[in-house]
Amino acid sequence: MSIMRSRGLLALLFGVACTGTIERARVEVERDGGGAADSQARDGGAGDRPLSEDASDDLDAEGGRADGSGVADASGADAGPQDVPKYPLSTTFEWTRLQPSADSRRSYVSASGDDANDCASEAKPCRTIQRGLSRLRDGYPDWLMLKRGDVWYEGITAPDTSWSMSGRNESEPMVITAYGDSGPRPLLKTGYNIGFWRFLDNDVHDVALVGIHFKAHTRDPYSSEYEGNGSNSVNAGFRWTGGGHTKNVLIEGCKFEFYGSNIVMHPSNGAPMFENVKIRGNVAYSAWYSGTYAQGLFVDRIQGLLIEGNLFDRNGGLIGYEGDPNGIVPPDVNEEDVAVSWFDHQAYINSFNQDVVVANNIFTGGDGCQMRAGGLATNNLFTRTVNALDVGVASSPTPGGVAGQVVYNVFLEGVDFPKNPSIPTYRANGIQVANIKAEGGLLIEHNIFANDASEEAYGRAVRLNGTNCGDNGESCAVDNVTFRKNVIYNWRGGFQTYGNTGSQVDHVRVEDNFIQNPDDDRAFLLHLEGGLGTGSFVFSGNVYFRGGDARWMTVGQDEVNFSTWVDLASESDAKSQAPNFPAASRTLGQYNALHGGQATHEDFMKRAREQSPYGWNPGLEAAAVNRWFREGFGLGEP
């Protein structure tokens, strides 16, 4: 096994065949719990035909720079007092190529095949997926291979049938993937049924699902095949529940569309935690359900969870936000039932997961990512989201609090919930934080929050809430947060804390940030609800600017101007300075035009939804987009 890292932004594009080598890209994510390093192996997609072999070299991670260019010291010395994970220096997406073992049984399936065939070769494929599955053996690294470009009206698992087979080990998994040299992903139109379902209590391990398209075609309101909302609230593209011992599951390069929830994974009550789950390079689009909640991704009680390189687009409802230009209301449902609410999310990572990494994903078109269990969020793009990122916020909070890092992310154009008589329409938040434990803490560093598009005067770039963890009103203190080297630009509300200073909000450092709003006259730069207290806050080296006559800071009940703030906060090195960034008003549409598309946000998203292991454009990754926006603010690379 060789370790291969791509240089710059070039990812390895691959086709799927039966020969080749396994090449595993690795991200080294050090976890400081006791100073030990934990290597997070990133298992990639199938196949053995990179576009260009010489595009990849064996590379070592290079050290960062603490020189003000936006790159932290690789030693972690720049991470402040918290005992939190060190973030990786690169999150460029890479694929790992899987190879059948010497004793792997390969089962080929084509829509033009014949179930009387032996399924053992491309020349003699069987026709149905169930016939192909019948040849796989539990405990072996066998491969089910569906022909690219073909369409089936069935799922991987038959209705009401549970997946139950395992591979041999992590290096020799059982694989479900595609074969062929051309064409899109194999398309499984499953209607109101689940595309892949596991619900038994047996041990299942070492399974890879790679490069398959799952579509609830009867729930696609943009299609002539639409038949209605349906009545199956657990309808999902991928649903893995049950008990037993689950470990080493890879979902990569797949596409899920129009299910009630696109991806669901959690053990049954009382069952052991699942282990080592990787969800990489997928497209999760337009999960919706009238009458209950819908999620692009729901995961709970997983130890070792990697969510990387995915697109989460307009999940939770068919109307993603107020003014959504592509929103649609089918004739059989009400508008308020298909509009995103605060119960619907792109990615719902529940409170009882452990060791969570969310890297290089795009979240857009609705509510964003809930990292209730904390963890690492790095180099993600959040654009036109309502609540972009929640950390620790939960109706059932993690006992004792959470810790983590939010670093090198870009938050653009915050939006409001669709107008709905049953819920408030405000939001447009960048990061909401609750339930942060003193041991570990939370580092928020090198992020950009730019150009809030909300019509309401409620959204905050960063909100620390020590008064309310979530729906049930629990008080969960925010203790030990460092907010450093971020840019808040033209966001209606800047940095805000809720709660009693010293008890509910404590040990907060706000250092070396740009917090500037030159245009909006309804907002504030800082709002400390409980006041400064004594020793609870440290403000240092921040650059502020407020346009118009609106307030700069609110301390307790008092609105203060810049000079008063400097005295109150003892921030003698603070500056009042108008923004002077190279290109702070850049848009995703402009980026798209520079990379072969139309100059619109919508066209970028349309192209991103077509991302596939069989046609991957690294220029449409979050990491590439974020680099361009960082340049617009004069910032360097992670």
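Bear in mind the structure is a predicted one, so any value in this text is a computation, not a measurement.
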(request) Find out whether Ser223 and His217 are in side-chain contact, i.e. whether some heavy atom of one side chain is under 4.5 Å from a heavy atom of the other. (result)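 The answer is no, as the side chains (C-beta and beyond) never meet within the 4.5 Å cut-off.
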(message) Is any side-chain heavy atom of Phe417 closer than 4.5 Å to one of Val340?
(response) yes
(request) Please round to the nearest 0.5 Å and tell me the distance separating atom CD1 of Ile263 and atom CG of Asn282. (result)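 Spacing of CD1 (Ile263) from CG (Asn282) equals 5.0 Å.
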(request) Could you grab the distance from atom CG of Asn353 to atom CD of Gln303, nearest 0.5 Å is fine? (result)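 Here the interatomic distance stands at 10.0 Å.
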Exercise: identify the closest heavy-atom pair between [X] and [Y]:
X: Trp288; Y: Val333; value: CZ3-CG1, 4.4 Å
X: Thr383; Y: Thr364; value: O-OG1, 2.8 Å
X: Arg127; Y: Val109; value: O-CG1, 3.4 Å
X: Glu94; Y: Arg280; value: O-NH2, 2.8 Å
X: Asp300; Y: Phe352; value: OD1-N, 3.5 Å

(message) Quick one about Glu170 and Asn276 (side-chain donor to acceptor, distance below 3.5 Å, no hydrogens or angles considered), yes or no?
(response) yes
(message) Can a side-chain donor-acceptor contact be found between Ser162 and Ser164 if the only test is distance below 3.5 angstrom?
(response)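 Checked: Ser164/Ser162 side chains show no N/O donor-acceptor pair below 3.5 Å.
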(message) Can you tell me which residue among Lys606, Arg607, Gln598 is in a side chain to side chain donor-acceptor pair (under 3.5 Å) with Asn592?
(response) Arg607
(request) State which residue, out of Trp152, Tyr259, Tyr153, fulfils the side chain to side chain donor-acceptor pair (under 3.5 Å) condition with Thr190. (result) Tyr259
Would you call the rings of [X] and [Y] parallel, tilted or perpendicular, where under 30° means parallel and over 60° means perpendicular?
X: Trp240; Y: Phe274; result: perpendicular
X: Tyr222; Y: Phe258; result: tilted
X: His345; Y: Tyr348; result: perpendicular
X: Phe298; Y: His266; result: perpendicular

(message) Using ring centroids (six-membered ring only for Trp), state whether Tyr179 and Trp143 fall under 6.0 Å.
(response)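 Between Tyr179 and Trp143, which both carry aromatic rings, the centre distance is not below 6.0 Å.
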(message) So that I know where these two stand, are Phe196 and Phe214 an aromatic pair - ring centroids less than 6.0 Å apart?
(response) no
(request) With Arg105 as the cation and Tyr140 as the aromatic partner, state whether NZ or CZ is under 6.0 Å from the six-membered ring centre and within 45° of the axis. (result)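 Cation-pi check for Arg105 and Tyr140: fails.
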(request) In plain terms, say whether Arg137 and Asp142 are close enough for a salt bridge, that is, a side-chain N and a carboxylate O under 4.0 Å apart. (result)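 Yes, charged N to carboxylate O under 4.0 Å.
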(message) Quick check against the 3.5 Å criterion: does Asn248 have a side-chain atom that pairs as donor or acceptor with the backbone of His205?
(response) no
